[in-house]
Amino acid sequence: ISIANTFKKRFPDAEILFVGAEDRMEMDKVPAAGYKIVGLPVSGFDRAHLMNNVKVMVRLAKSLRLARKTIREFKPDIAVGVGGYASGPTLWMAASQGVPALIQEQNSYAGVTNKLLAKKASKICVAYEGMEKFFPADKIVITGNPVRQDLEEALSKKEEALAFFGLSPEKKTILVVGGSLGARTINRSIQGDLDKFFASDVQVIWQTGRYYYSDASKHLKAYRGMPVWCSDFITRMDYAYSAADLVISRAGASSISELCLLGKPVVLVPSPNVAEDHQTKNALALVHKDAAVMIADKDAEKDLVPTALKIVHDDERLCTLSRNIETLAQRHSADRIVDEIVTDYVNCNADYVFGGGAKLFENREDGRDLFKELREKGFRTPRSWDELAGIKSGKVFAVPYPVDTPLPAERGDLLARASLKGIDLLNQNKNGFFMMIEGSQLDDYGHFNDLDLLMQETHDFDRTIGAIYEWAAKD
């Protein structure tokens, strides 16, 4: 949803369709966010009861057929998968029909669906380093996981946040979260050691989740007047994070991304009930950088609360954890993912191509701004000769090449083919625009109705950018 919102902000007229699994939370969350969604009867494999997978395979076959029908009817320019059950059949059918596919892997250990889709995807956005062991290195882009931007805004409002929960600014505060449904082990650990919190003069913001709130609220009746705020759901997570000196949490990808962004010290209790134990691997990625503390689920009822209380009273340890986890933050992730979509996919059938010289331009702030604007206007901006050679359509081919950088001999034929391709496109599109620049920058511009070839040599970068902006604005 965050990716869709960011894309919609840039391209208000874009049509966006979600595809989800029929019995999963997205069927409620997506319409609530204002988007259409198609449900597939797909479900995950049952590793414990193999015979149940006969039904899973039948559902998968139905889902593939429905995904193919959805792709044919919606005719997308790009398919983006984030690793849910529905990503598999949807992106598989999209790629089989020639639709470019981008996948986002949120965890430090790639899921089965994304590993299967990697060969079909043109770009793979990840949140952790070292993902080359799962995906082709040349497809990987580190973007991080999108998080709500409002979370950062409340960090400077700690007193206001504490007042919201009715808590004191004079005491240490621990935030306990276990997801919207709740985490049984974490809740049992907190419930069994409430006396230790109060004996340590620590206050608690406790989100139990839907399944465990009734039991927790009954238990709390014996602790009336104690500084604990308890609910099944927290409406103001920005305030909850702001109020917290320490967080106790599961190790889901989204939660970790939020904690990194906010620089919050955390004790992670990975859920054992997830595919391929990926939450433990997420947690270890932080633990190995001294950016978090991990307690195994099986040890939580014994060790969780004592460990958390020891840390929350150790200001030096809190500062170290905060400093280290913040270095792992990937900011503006949704924007960066949308950049990849715009650059490499939405414009696969674009009318305009601005190729070559990308590194030269992107090394300057004004050059980066130019490239961003050109992408939004429908240009592709390949960053390598191989990308340039792979472009299959377009009315415009601009090939700036810096004169002070020698052209590799083995690339001469590629440059020639690019030139011929541009001329061929001009023959097909009389209103096309083709530039072959031999020199660092472009000094002039123009539209060509016949086979003119512009050759210029100048090093005036500002005039170059001005010329390209002016030309792009004309169309």
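No experiment lies behind these values; they were computed from the predicted model shown.
A salt bridge links K172 and D315; the closest N-O separation between the charged side-chain nitrogens and carboxylate oxygens is under 4.0 Å. In summary, E340 and R336 do not engage in a salt bridge, as defined by a charged side-chain N under 4.0 Å from a carboxylate O. Contact check on E326 versus R331 returns a salt bridge, with a Lys/Arg side-chain nitrogen under 4.0 Å from an Asp/Glu carboxylate oxygen. Between D138 and K123 there is no salt bridge, since no side-chain N of the basic residue sits under 4.0 Å from a carboxylate O of the acidic one. Salt bridge status for R10 with D335: present, with a side-chain N to carboxylate O gap under 4.0 Å. A salt bridge is defined here as a Lys NZ or Arg NE, NH1 or NH2 lying under 4.0 Å from an Asp or Glu carboxylate O, and D201 with K171 meets this definition. Remark: D290 engages R317 in a salt bridge, criterion side-chain N to carboxylate O under 4.0 Å.
Panel note: side chain K8, backbone A14; a donor-acceptor pair is recorded below 3.5 Å. Proximity of a side-chain donor or acceptor of S333 to a complementary backbone N or O of T143 within less than 3.5 Å is detected. Counting only distance, with no hydrogens or angles, the side chain of S242 and the backbone of D238 share no donor-acceptor pair below 3.5 Å. The closest donor-acceptor contact from the side chain of D314 to the backbone of K310 lies at 3.5 Å or more, if one exists at all. Side chain of E105 to backbone of N107: a donor-acceptor contact under 3.5 angstrom is found. Side-chain atoms of H219 never come within 3.5 Å of backbone atoms of D215 as a donor-acceptor pair (strictly under, hydrogens ignored). A donor-acceptor pair is defined here as one N or O able to donate and one able to accept, closer than 3.5 Å; no such pair exists between the side chain of K158 and the backbone of L155. Although no hydrogens or angles enter the test, the distance criterion places no donor-acceptor pair under 3.5 Å between the side chain of Q279 and the main chain of R250. Side chain of S200 to backbone of K196: a donor-acceptor contact under 3.5 angstrom is found.
If you check the side chains of T173 and Q203, you find a donor sitting under 3.5 Å from an acceptor. Defined by atom type and a distance below 3.5 Å, a donor-acceptor pair is present between the side-chain atoms of N5 and Y35. A side-chain donor from one of D297 and T185 sits under 3.5 Å from a side-chain acceptor of the other. Side-chain contact check for D277 and T280: at least one donor-acceptor pair (N or O, by modelled atom type) lies under 3.5 Å.
Only one option out of D195, L194, D193 pairs with V305 in a side chain to side chain contact (heavy atoms under 4.5 Å, CB included); it is D193. For the side-chain hydrogen bond (donor to acceptor under 3.5 Å, both in side chains) with N145, the qualifying choice from Q104, Q330, Q106 is Q104, the only one to do so.
Between Y223 and F198, the ring-plane angle classifies as tilted under the 30° and 60° cut-offs. Relative ring orientation between F134 and Y109 is described as perpendicular, the plane-to-plane angle rising above 60° on a 0-90° scale split at 30° and 60°.
L318 CG to I311 CD1: the interatomic distance, rounded to the nearest 0.5 Å, is 7.5 Å.
Minimum heavy-atom separation, A94 to I71: CB-CD1, 3.8 Å.
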Check the pair S108 / N282 against side-chain hydrogen bond (donor to acceptor under 3.5 Å, both in side chains), numbers first and verdict last.
CA-CA 5 Å; S108 63; N282 289 348; 3.0 Å; yes

